[in-house]
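Residue numbers start from 1 in every chain, and the chains themselves are labelled A, B, ... in the order their sequence lines are given, proteins ahead of strands.
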There are 2 protein chains.
Amino acid sequence: MKPKIQDVAKVAGVSPTTVSRVLNDRGYISSKTKEKVFEAMKEINYVPNDLARSLYNKRSYLIGVIVPSTSNPFFGELVAYIENICDERGYKVLLCNSLHEADKEKKYWEMLRRNQVDGVIVVTYNRGLIDKKQQFPAVAIDHYLAENIHVVSSDNFQGGEMASRELIKAGCKKIIHINGDASLETPANNRQYAYEKVMQEAGRTAETYHIPDVAFLESNIDIIKQLFKERPDVDGIFASDDLLAVRTMQYAESLGYRVPQDLKIIGYDGTCLIRSIYPKLTTIIQPTYQIAENAVETLIQEIDGKTHDTKEKTFPVSLWKGETTGE
Amino acid sequence: MKPKIQDVAKVAGVSPTTVSRVLNDRGYISSKTKEKVFEAMKEINYVPNDLARSLYNKRSYLIGVIVPSTSNPFFGELVAYIENICDERGYKVLLCNSLHEADKEKKYWEMLRRNQVDGVIVVTYNRGLIDKKQQFPAVAIDHYLAENIHVVSSDNFQGGEMASRELIKAGCKKIIHINGDASLETPANNRQYAYEKVMQEAGRTAETYHIPDVAFLESNIDIIKQLFKERPDVDGIFASDDLLAVRTMQYAESLGYRVPQDLKIIGYDGTCLIRSIYPKLTTIIQPTYQIAENAVETLIQEIDGKTHDTKEKTFPVSLWKGETTGE
DNA sequence: CTGAAAGCGCTTACAG
DNA sequence: CTGAAAGCGCTTACAG
């Protein structure tokens, strides 16, 4: 059997109350008693039961994190940061990969509630799952969940502008944007709005192709094929994420386009991974660490009962100048 | 306040015992009572407290997963699979990114113990952290933890043979292997042993360069530079993971080597991600899903008290024929 | 400075 | 078929 506080008490010759006090460094305790207790704990290899603690304290120090899938490098990196920051702050992470399935996400929410998490960080659409009586503090990254839910994101508008201007500057005549699922309103849509604004200011026509979200990177390439069929004169593409950018580039090359001579491409996200293995890809770098940090900090503040004036926080992006938009 | 079982009991006009019985579908209960209870639960939006349940049952349905970092696509993918399989089986995942830091890993082990996890899946070196009285069931992936710990991996020897033979078949004269940290014995070392065996059988000299593990992909490239300086005649490289393969290839190209004409390269892992964005890279595909599935199943069996005859399970790999080893 | 008692929310023998 | 009581391992007023 795992040793419990009573066992420690017996060995140390004190009451359970005293052991608990030592454990929590609470109230006055003679240093002699303290020492006895610590020795007893070591002797029987005691470790407190956090389940029991959490039950009494109504505080689990558990945070639920819901992402589509850590198999996507952006989410994998984001989750790694989130978890490590949580760990530094004394919180533990219950991981949920929703695979873009509303059903799965719904079950995860209930699971998190049952497990008494102190709060949740959500990086998925959450199709209306949160609207009623909110059970616990939540912070969203790059998604609007509900009126009162804090959302953290990169400056998607700035990123969209940067990307679009980069293509114009590189001399592209026919610039097309490829974006994700169009059916839901997310901060990431600002990338598209910025693109449209820049195109308009430059007297161009904006045109966006949408790729539906799919689990595990297996997104079909049909939309990309359609794009090149309908717009063979395309010479600039702003893809809303790097994987999409790379796959579009590959398809274009298979069609005979040379990048960057015939076609210039810029992506979005700029994960460490992509910059490491695809440094040639021009892209917009999201400040992923800052996003993770702000999400965790904001959530912990809400857990601690502090309210926030601002319900939205945005971090500036930066340009990674590769070779896919020319020299 | 969150509703508890007592509140449900009050609303339904029964005792807490009865509510619990309905909840657990245990013992005989009239269907009329059952219905009343379910209605009451719905009415007050009741959800059971799993902390309290786990405390009593001494079963948390919590599994700890320790990986270096989900920011590495192999681990990101592995963790996604593990978590989803756990979810299917009714288990929840407490995620730990150890960043290859022994200290951090040690703290995670204690944290998991405090949180009463039912078991742990480890994908890190665990430098002797587990040897003494093992606290709970554990399964390792690609690492030897201790005598009695079950380990799951891809058939590293087969993979090493495949990779080495592929390079020989492609006509390479001077084949070099780049591997990870040499200081610890892991199943992945079989990749190197197989390479050495194949080289010997072919009358070649085996030569391996080791790259120390580093967190977050920031591994220095010094060893690679050294390799090309010392062995400019290298014309075949077997890299022990795909990221390493890609980065080596990039450095070689910057030196003027053409791949595959002057230099042929083969990697290892073959994640969905790499195959999607780097289909040209020849690599050995690990059966990641099967590894994840077997690890979870084995762990759950151990949790359920079933013992295993075999303490090691290996799954066959396959070759992804890209273009970096020729046509 | 220390201990006995009650309670966190649940479950399970034990009665009836 | 249903309920009162005790207990999972911990913590915290309340006494002393």
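In this structure, CZ of A:R59 is placed 13 Å from P of D:dT12, rounded to the nearest angstrom.
Contacts of B:R53 classified as side-chain contact (heavy atoms from CB on, under 4.5 Å), with partners at least two apart in sequence or in another chain: A:R114, B:L23, B:N24, B:P48, B:D50, B:N57. Residues meeting the side-chain contact (heavy atoms from CB on, under 4.5 Å) test with A:S153, sequence neighbours left out: A:D142, A:N156, A:P187, A:T314. For B:T186, the side-chain hydrogen bond (donor to acceptor under 3.5 Å, both in side chains) test picks out no residue, with sequence neighbours left out. Considering only residues two or more places apart in sequence or on other chains, A:Q116 meets the side-chain contact (heavy atoms from CB on, under 4.5 Å) condition with B:K2, B:N49, B:L51.
Close to C:dT2, at under 4.0 Å from its OP1 or OP2, lies no side-chain N or O of A:S15. Contact annotation: A:K58 reaches the phosphate of C:dG9 (side-chain N/O to OP1 or OP2, under 4.0 Å). Contact annotation: B:R53 side-chain N/O to C:dG9 OP1/OP2 distance is not under 4.0 Å.
From B:I5, atom CD1 reaches atom OG1 of B:T18 across 10.0 Å, with rounding to the nearest 0.5 Å.
For B:A52, taking side-chain heavy atoms from C-beta onward, the closest of the listed nucleotides D:dT12, C:dG9, D:dC8 is C:dG9. The side chain of A:I5 lies closest to D:dC10 when the candidates are D:dC10, C:dT2, D:dG3. Checked against C:dG3, C:dC1, D:dC8, the side chain of A:S30 finds its nearest nucleotide in C:dC1. Looking at the side chain of A:Y56, the nearest of the listed nucleotides D:dC10, D:dC8, D:dG3 is D:dC10.
B:N24 comes within contact range of the sugar-phosphate backbone alone, with a heavy-atom separation under 4.0 Å but no base atom that close. Among the heavy atoms of the strands, none lies under 4.0 Å from A:K2. Using a 4.0 Å heavy-atom cutoff across all strands shown, B:S20 reaches at least one base atom of the nucleic acid. In this structure, B:T33 reaches the sugar-phosphate backbone alone: every heavy-atom distance under 4.0 Å involves primed, P, OP1 or OP2 atoms, never a base. Counting non-hydrogen atoms under 4.0 angstrom, B:D50 reaches nothing in the nucleic acid.
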Could I get a table of every N or O pair under 3.5 Å where one atom is in the protein and the other is in nucleotides 13-16 of chain D?
none

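Between B:Y91 and B:Y61, the ring planes are tilted. Angles from 30° to 60° get that label.
Each of B:N294, B:V123, B:V296 was checked for a side chain to side chain contact (heavy atoms under 4.5 Å, CB included) with B:V152, and the lone residue meeting it is B:N294.
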DNA chain C in dot-bracket form (Watson-Crick or G-U pairs under 3.5 Å, [ ] crossing, | inter-strand) is |||.||||||||.|||
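Taking the charged nitrogens against the carboxylate oxygens, B:E110 and B:K104 have no contact shorter than 4.0 Å, which rules out a salt bridge. Using a 4.0 Å cut-off between a side-chain N of Lys or Arg and a carboxylate O of Asp or Glu, B:K106 and B:E101 do not qualify as a salt bridge.
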